[in-house]
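Below is one structure, written out as structure tokens; comments come after it.
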There are 2 protein chains.
Amino acid sequence: MKTKLSKIKPLENLSLVDKVELRLKEYFKENNLKIGDSLPKELEFAEALGVSRTVIREALLRLRTIGVIQSKKRSGMILTQPDIIQNFEKAIEYNLLGEEALVDIFELRLILEVGMADLLFARKTEEDINALDKIVSKIEKEENGNVVFSLKHEITFHSKLYQMSNNLTLQRFQDLLLPVFNYVHDDMPESAKNFQYSKGKFVSHRDLLNILKDGNAEDFREAMRNHLEPHFERVLSLIKA
Amino acid sequence: MKTKLSKIKPLENLSLVDKVELRLKEYFKENNLKIGDSLPKELEFAEALGVSRTVIREALLRLRTIGVIQSKKRSGMILTQPDIIQNFEKAIEYNLLGEEALVDIFELRLILEVGMADLLFARKTEEDINALDKIVSKIEKEENGNVVFSLKHEITFHSKLYQMSNNLTLQRFQDLLLPVFNYVHDDMPESAKNFQYSKGKFVSHRDLLNILKDGNAEDFREAMRNHLEPHFERVLSLIKA
DNA sequence: TTTTGTATTATGTCACACATATAAAAGTAC
DNA sequence: GTACTTTTATATGTGTGACATAATACAAAA
């Protein structure tokens, strides 16, 4: 009889570099290393771990790639604060994200805009409002009475909002979302571009600005939700696997 | 007089590996390579670019680190879909994020929870509601009448919400936010843990569930906002640089 | 036809050499 | 002593060639 092999589990198949990387992470924790601390040199690591310089270099290069360490000739290496957004960015640059991931990210953007109302109201300044006012006036002038969906205008207006949030991570996140936004927009059917708002629901940039001036976070959330209606309509109608 | 050199721009100070990496990116775009496509072998790249295998390997390793390519012995390399969240995760694992970044990320989480109401209402299922009901009942039982802030309970409940969003990126994002959440929570002063809600404002998990059952997105947003009141209070009171 | 062995091949690891940038030391002028 | 320049030492960056290893294709055996 032929016995089944369902129970036996594969022995872990880590490359030498993988192991070294894990070991390095341990090392950092054990020694409680902080940002700015300098590291032993490559050769010392190699010797201490009993591997070639090639291997330790590859492991360190991984860390350098995700921004955990920086290296300079002669000075050696130091621990640095990783830039999480930059990592994000790098992955996106290669245009290899699948449809689902792009939709997910697009949804994320909608969520952020609706959700960030409290931050805006807590941190808005007089100058912010004035700057936003100028932006809205310019948009209105260019639209010239026609309410058309203009990607350029959208971006200008909403970028300013993100900036007002005073949350750098959020801000940079939005910068990097723009290409995705672009992609989803280009892919948009004509029907969506000429979206008909439900009666009385249309919220213009001017409306949003006015709420930001005199209203409260709650009203702003609902207004933004309606402002983004066409986009919500679009993603919420998708059947997800 | 010593002339200022503010305008002159530094000649590009890119390492050979940097240049090769850029060249590779170009190559991918020019040839319109897609996920799953296989790449020439290291030696061919090295020869074509006129660099050593060491250099091309380091450039490729960077791509491997951010998840743009995968390599296997003998089979060579193929393009893969980068996992943006994983990149994020790796950077966080090293506990090197500064205070500001952590606060930014914590704020992000608050924004997401308030903003994701529409997704929840569009995608909730009968099973989701039942599962959530069980979770709430369990929490209530353990709380035994006392409304204490329990990180464990918070996580269980809110994780389920993220799961209901049916947005995998969002879900994984939250998984990875937990350590940050933990950190910020541990750092919380006792006063915040015993936060007194404004009169009539307290929203329990049960309240949220009920709205999710019979209410609408708008109500849910406001309820969630109040549910998270102590956290909002905390971050919005911070003076940011 | 299915299994098992074998050759091939692209990546993984190694050792060693040399290039290059630069921090630190030594030297120089004032 | 101070300010500046030159030299030197050194850690990372790059190059070369070799061998190890695992995955694949293919042949041989059952």
Side-chain angles (χ1 to χ4, degrees), chain A residues 1-5 8-24 27-28 31 33 36-80, chain B residues 1-5 9-24 27-28 33 36-80:
Chain A
M1 154 201 163
K2 208 173 178 180
T3 51
K4 281 269 168 112
L5 272 181
I8 197 166
K9 63 179 170 185
L11 38 95
E12 39 186 310
N13 190 16
L14 294 178
S15 76
L16 197 46
V17 177
D18 287 330
K19 290 179 202 156
V20 168
E21 190 191 352
L22 288 173
R23 196 68 198 76
L24 281 178
Y27 172 81
F28 294 154
N31 294 72
L33 296 186
D37 290 351
S38 63
L39 298 178
K41 45 198 181 195
E42 294 176 348
L43 274 173
E44 288 175 359
F45 271 127
E47 204 170 338
L49 291 172
V51 298
S52 72
R53 188 171 161 227
T54 309
V55 167
I56 191 71
R57 243 184 101 73
E58 285 214 1
L60 289 168
L61 177 56
R62 289 187 188 177
L63 303 194
R64 203 162 19 226
T65 302
I66 61 176
V68 167
I69 66 176
Q70 271 187 351
S71 59
K72 277 206 306 198
K73 282 179 185 169
R74 152 97 202 198
S75 344
M77 298 171 289
I78 58 168
L79 282 175
T80 54
Chain B
M1 154 196 163
K2 208 170 178 180
T3 51
K4 280 270 168 109
L5 273 180
K9 62 179 172 183
L11 39 100
E12 318 204 3
N13 191 18
L14 296 177
S15 72
L16 197 46
V17 176
D18 287 330
K19 290 179 200 155
V20 169
E21 190 191 351
L22 288 173
R23 196 67 197 76
L24 281 177
Y27 172 81
F28 295 154
L33 295 186
D37 291 350
S38 63
L39 298 178
K41 44 198 180 193
E42 294 177 348
L43 274 172
E44 288 175 0
F45 270 126
E47 203 170 338
L49 291 172
V51 299
S52 73
R53 190 173 158 224
T54 310
V55 167
I56 191 71
R57 242 185 101 73
E58 286 216 0
L60 289 169
L61 177 56
R62 289 188 188 177
L63 303 193
R64 202 160 21 228
T65 302
I66 61 176
V68 167
I69 66 176
Q70 272 186 352
S71 58
K72 280 205 305 198
K73 280 181 185 168
R74 151 96 201 200
S75 345
M77 298 171 289
I78 58 168
L79 282 176
T80 54

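The analysis underlying the following values was restricted to heavy atoms, covering all of them including side chains, and did not include hydrogens, waters or symmetry mates. So you know, we letter chains A, B, ... as the sequences are listed, proteins then strands, and number each from 1.
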> What is the distance from atom CG of A:Leu61 to atom CD1 of A:Ile66, rounded to the nearest 0.5 Å?
Replying inline: 10.5 Å
> Nearest to the side chain of B:Glu42, which nucleotide is it out of D:dG13, C:dC14, C:dG12?
Replying inline: C:dG12
>> Can you tell me which nucleotide in C:dT13, D:dG15, C:dT11 comes closest to the side chain of A:Leu16?
In response: C:dT13
> How many angstroms lie between CE in B:Met77 and CG in B:Asp37, if you round to the nearest 0.5 Å?
Replying inline: 13.0 Å
> Is there a donor-acceptor pair closer than 3.5 Å between any side-chain N or O of A:Ser38 and the backbone N or O of A:Gly76?
Replying inline: no
>> Nearest whole Å is fine: how far is C:dT13 P from A:Ile56 CD1?
In response: 12 Å
>> Whole angstroms only, please: what is the CZ-P distance between A:Arg64 and D:dA11?
In response: 15 Å
> Quick one: the side chain of B:Arg53 and the base of D:dG17, do they pair up donor-acceptor inside 3.5 Å?
Replying inline: no
> OP1 or OP2 of C:dA23 sitting under 4.0 Å from any side-chain N/O of A:Lys72?
Replying inline: yes
> Going by modelled atom types, is there a donor-acceptor pair between the base of D:dG15 and the side chain of B:Arg57 at under 3.5 Å?
Replying inline: no
> Of A:Ser75 and A:Ser52, whose closest DNA chain C nucleotide lies nearer the 5' terminus?
Replying inline: A:Ser52
> For A:Asn13 and D:dT21, what is the distance between atoms CG and C1' respectively, to the nearest whole Å?
Replying inline: 11 Å
> Given C:dA10, is OP1 or OP2 found less than 4.0 Å from the side-chain N or O atoms of B:Ser71?
Replying inline: no
> Of all the choices, C:dA23, D:dT12, C:dA10, which nucleotide is nearest to the side chain of B:Lys73 once you look at every atom?
Replying inline: C:dA10
>> Regarding B:Asp18 and B:Arg62, does a basic nitrogen lie under 4.0 Å from an acidic carboxylate oxygen?
In response: yes
> With respect to the side chain of A:Met77, which nucleotide from D:dT12, D:dT16, C:dC14 is positioned closest?
Replying inline: D:dT12
>> Is it the case that the base of C:dT8 and the side chain of B:Arg74 share a donor-acceptor contact (distance under 3.5 Å, atom types as modelled)?
In response: yes
> Does the D:dG15 base have a donor-acceptor partner in the side chain of B:Thr54 within less than 3.5 Å?
Replying inline: yes
> C:dA10 P sits how many Å from B:Gln70 CD, rounded?
Replying inline: 19 Å
>> Using 0.5 Å steps for rounding, measure from the CG atom of B:Leu79 to the CD1 atom of B:Ile69.
In response: 7.5 Å
> Taking atom C1' of C:dC14 as reference, at what distance in whole Å does atom CD of A:Glu47 sit?
Replying inline: 15 Å
>> Using the side-chain heavy atoms of B:Val55, tell me which of these nucleotides is nearest: D:dT14, C:dA23, C:dT13.
In response: D:dT14
> Once you round it to whole Å, what is the distance between P of D:dG17 and CG of B:Leu43?
Replying inline: 11 Å
> Roughly how many Å is it from CG in A:Leu39 to P in D:dT12, rounded to a whole number?
Replying inline: 9 Å
>> Output the rounded distance in Å from CD (A:Glu44) to P (D:dA11).
In response: 7 Å
